[in-house]
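To keep things clear, I will list the structure first and then write my remarks on it.
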Amino acid sequence: MFRKRSYSLIVFGLLLVMTMILLLYGSRLFTDIEEEAHITQEDRIVVGVSQLGSESGWRTANTESVQQAFTQQNGYFLIFHNARQKQENQLKAIRSFISQRVDYIIFSPVVETGWETVLQEAKQAGIPVILMDRNVDVEDESLYVTCVGSDFEAEGVKAGRWLEKELVQQRRSSESINIVILTGTEGSSSQIGRSAGFETVAERHANWNILEEKCAEFTSTKGKEVMKTFLKRYPDIDVVVSQNDDMTFGAIEAIKESGRTVGVDGDIMILSFDAVRGALDMVADGTINVDIECNPNQGEYLLRVIDMLEAEETVEKKYYVEEDVFTIENVTQEVLGGRSY
Ligand code: GYE
């Protein structure tokens with residue numbers, strides 16, 4: 001009886017000591033973590049990003065690039081918002097970033113116009129605004145700090161120049177060439193620039209007939225729908241210029257369903273923009289004739305710009321990302337293997 005009691009007393013004592021040790025160390029551990037989190041959170045740069053939507057493979061890659069750049073490890077706290085193609089949603093997101101007093105606002109403007117008031121509000125609040133991918137059309141350029149993106153007009157010119165050369169090679173440079181154009185979101189920088197760039201080359205060729213330009217909103221579904229109407233309306237299309245790969249995928253489906261062929265050995269030439277992995281595969285197998293690359297990996301460029309601003313260095317008004325042109329000749333296994341999106 002006595003032995004049994006002293007045994008349970010020992011066990012009880014041991015349990016008590018262990019619980020006390022656990023409580024002591026446990027609480028120290030937690031305060032350490034809390035303190036650390038507190039310190040890092042205060043040191044972190046808060047960035048509000050308003051992405052315009054998720055309409056294309058390019059856009060998904062662009063979003064991933066931003067999310068991979070503004071991480072906790074890199075010293076950032078990212079507030080990310082997807083505007084689902086609506087300017088009013090972007091305006092709301094930007095205003096909420098202002099009221100949260102973020103350190104920087106980054107946004108990819110769905111269209112170029114209509115931003116003055118909100119940018120004025122950000123300026124008054126002393127929050128620097130960085131444009132990503134697309135540009136804004138404002139009189140007062142001091143309303144934003146800089147823009148990281150592509151030279152869309154140059155991309156359009158590249159498409160035109162490629163067609164010029166290709167027609168010479170095919171000995172068709174004096175033949176009448178029927179062209180249709182699938183354009184992206186109306187009023188967006190990428191649509192405006194790519195249209196204008198291609199147009200400057202097209203103007204020099206009296207034999208290039210632009211039969212019709214129609215908006216297919218940078219999506220595959222719309223691309224297919226618009227291409228179907230083109231095919232019904234125009235029986236003799238020679239060239240399709242499609243302002244992004246997603247619309248191209250839809251257009252190619254429509255063309256194939258109509259019984260016509262595409263690409264290097266087909267009867268309709270395909271000129272596309274973006275150069276996402278799926279499209280590069282189609283360049284490699286000759287389905288797409290040329291793809292004008294548009295680089296969505298803008299996160300690292302944005303990081304560099306913010307580093308410069310933090311160091312109070314002057315930044316340029318525009319930073320262009322690097323871009324290539326892909327045809328069956330230069331889409332190597334290395335290019336395909338290195339493409340993550
Ligand atoms: O080409 C398209 C996307 O603005 C560069 O937007 C961007 C364009 C890109 O939806 O796929």
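Each ligand, and each atom within it, is numbered from 1 in the order the structure gives. No hydrogens, no waters, no symmetry mates; every other heavy atom, side chains included, goes into these values.
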Among all protein heavy atoms in this structure, tell me which lies nearest to [atom], with the distance rounded to 0.1 Å.
{"atom": "atom 7 (C) of ligand 1", "answer": "D133 OD1, 3.4 Å"}
{"atom": "atom 10 (O) of ligand 1", "answer": "E55 OE2, 2.3 Å"}
{"atom": "atom 1 (O) of ligand 1", "answer": "D274 OD1, 2.5 Å"}

Determine whether the side chains of S150 and E323 contain a donor N or O and an acceptor N or O closer than 3.5 Å.
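A donor-acceptor contact under 3.5 Å links the two side chains.
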So is C294 close enough to ligand 1, meaning a heavy atom under 4.0 angstrom away?
yes
Just which atoms of ligand 1 are under 4.0 Å from any heavy atom in R194?
1 (O), 5 (C)
Which of the atoms of ligand 1 are close to N244, meaning less than 4.0 Å from one of its heavy atoms?
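Listed by number with element: 2 (C), 11 (O).
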When you look at F107 and W115, which way does the ring pair (Phe, Tyr, Trp, His ring centres under 6.0 Å) test go after all the steps?
CA-CA 11 Å; F107 82 110; W115 302 102; 4.8 Å; yes
Cation-pi, Y301 ring and R304 (6.0 angstrom, 45 degrees):
yes
Compute both the distance and the angle, then confirm whether K224 meets the cation-pi test with F249: under 6.0 Å from the six-membered ring centre, within 45 degrees of the axis.
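Output no; distance or angle outside limits.
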Just do the side-chain hydrogen bond (donor to acceptor under 3.5 Å, both in side chains) check on Q51 and T63 with the steps written out, would you?
CA-CA 7 Å; Q51 178 59 286; T63 294; 3.1 Å; yes
Does only the side chain of F152 get under 4.0 Å from ligand 1, or the backbone, or both, or neither? Count heavy atoms.
side chain
